[in-house]
Amino acid sequence: MRTIRLILAPSIIYLVVLFSTSSCSDRQIIFPPVTDAKTRGYCGTCHMAYQPSMLPADSWRLMMNGLDDHFDEKIVLKPNLIKSITHFHVINAGDSTASGLAGQTALMELHPNKNPLRITDTPYFKQEHSFLENRVLDDWVGSAANCPVCHVGAWVGDYRI
């Protein structure tokens with residue numbers, strides 16, 4: 001049954017998007033891809049290596065300093081590796097000049113003192129996915145953080161459907 005759901009999920013989500021009265025906004029952009037091999041290798045082992053421009057630098061610092069409880073998982077990395085991955089995220093974060101339009105768009109409407117640890121908690125994410133019902137995310141996608149199910153180009157920063 002799970003196999004069928006995984007196969008049908010992209011098709012069903014495409015139809016939901018196609019026939020939805022409130023579709024994705026015209027602001028969909030391509031986020032700069034994760035180019036750091038250590039980040040892709042270590043973060044991408046358990047989940048998609050998310051593009052740093054989706055969160056502010058302080059969010060990435062908090063996340064990397066809290067690896068002992070990383071979304072209910074304990075992540076053990078050598079200190080120099082943590083420093084390297086943190087550095088990559090911080091210099092490419094949404095509030096850095098390196099992120100350009102992608103970062104400005106992703107952090108639009110985010111309160112300056114807010115540092116969410118989840119991309120799904122940003123106003124941009126919520127607005128872009130407001131047309132989806134929670135049951136679609138839960139039943140077909142598995143989690144709102146499972147971007148590649150709907151966005152086949154997510155690994156390289158392309159979230160267009």
Side-chain angles (χ1 to χ4, degrees), residues 9-10 13-14 17 23-132 134 136-138 141-161:
I13 291 169
Y14 175 76
V17 171
S23 62
C24 292
S25 79
D26 294 332
R27 294 183 297 135
Q28 287 190 356
I29 52 167
I30 296 176
F31 291 86
V34 176
T35 56
D36 181 66
K38 290 177 186 173
T39 301
R40 276 196 326 264
Y42 286 94
C43 301
T45 298
C46 298
H47 57 76
M48 185 184 95
Y50 298 104
Q51 291 77 27
S53 56
M54 295 181 147
L55 290 174
D58 284 343
S59 291
W60 292 116
R61 285 186 192 100
L62 287 168
M63 192 177 308
M64 294 303 294
N65 285 329
L67 292 178
D68 55 327
D69 184 13
H70 185 71
F71 305 104
D72 298 326
E73 297 289 333
K74 182 179 176 107
I75 308 299
V76 179
L77 299 173
K78 293 181 179 179
N80 63 336
L81 187 56
I82 293 172
K83 184 177 180 180
S84 174
I85 293 171
T86 302
H87 177 74
F88 174 77
H89 279 88
V90 167
I91 64 171
N92 293 288
D95 52 355
S96 75
T97 56
S99 71
L101 178 62
Q104 293 170 18
T105 303
L107 301 185
M108 213 166 33
E109 300 179 30
L110 182 65
H111 190 278
N113 295 329
K114 292 278 185 184
N115 297 305
L117 296 181
R118 296 178 185 272
I119 294 165
T120 56
D121 288 340
T122 64
Y124 176 75
F125 179 92
K126 290 176 182 178
Q127 178 182 335
E128 290 299 310
H129 297 84
S130 63
F131 65 94
L132 288 175
N134 285 337
V136 171
L137 291 173
D138 295 341
V141 179
S143 163
N146 194 7
C147 306
V149 171
C150 301
H151 305 280
V152 295
W155 286 93
V156 293
D158 186 349
Y159 290 85
R160 296 174 293 174
I161 292 180

May I have the list of side-chain donor-acceptor pairs in residues 83-90 shorter than 3.5 Å, sequence neighbours left out?
residue : atom : partner : partner atom : Å
Thr86   : OG1  : Ile82   : O            : 2.7
His89   : ND1  : Ile85   : O            : 3.0

Is it the case that the side chain of Thr122 and the backbone of Phe125 share a donor-acceptor pair, with hydrogens and angles ignored and the cut-off at 3.5 Å? yes
Closest approach of Ile30 and Ala102, non-hydrogen atoms and distance? O-CB, 4.0 Å
Are any side-chain N or O atoms of His151 and backbone N or O atoms of Gly153, one a donor and one an acceptor, separated by less than 3.5 Å? no
Can Asp36 and Lys38 be counted as an ion pair, charged N to O under 4.0 angstrom? no
Going from OG1 on Thr97 to CD on Gln104, what distance comes out if it is rounded to the nearest 0.5 angstrom? 10.0 Å
Check residues 52-80 and write down every donor-acceptor pair under 3.5 Å in which the side-chain atom is one partner and the other belongs to a residue at least two apart or another chain.
residue : atom : partner : partner atom : Å
Asp58   : OD1  : Arg61   : NH1          : 2.6
Ser59   : OG   : Pro116  : O            : 2.7
Trp60   : NE1  : Pro52   : O            : 2.8
Trp60   : NE1  : Leu55   : O            : 3.3
Asn65   : ND2  : Arg61   : O            : 3.1
Asp69   : OD1  : Asp72   : N            : 3.2

Going from CG on Asn115 to CG on Asp121, what distance comes out if it is rounded to the nearest 0.5 angstrom? 12.0 Å
With sequence neighbours excluded, tell me which residues meet side-chain contact (heavy atoms from CB on, under 4.5 Å) with Pro148. Met48, Asn146, Ala154, Trp155
Hey, could you give me the OH/CG distance between Tyr124 and Leu107, rounded to the nearest 0.5 Å? 11.0 Å
Where the side chain of Ser99 meets the backbone of Asn92, is there a donor-acceptor pair that is under 3.5 Å apart? no
Measure the CD1-NZ distance between Ile119 and Lys126 for me, rounded to the nearest 0.5 Å. 13.5 Å
Does any N or O in the side chain of Tyr50 come within less than 3.5 Å of the main-chain N or O of Ala145, such that one atom is a donor and the other an acceptor? yes
Could you state the interatomic distance from NE2 (His129) to OG1 (Thr120), rounded to the nearest 0.5 Å? 9.5 Å
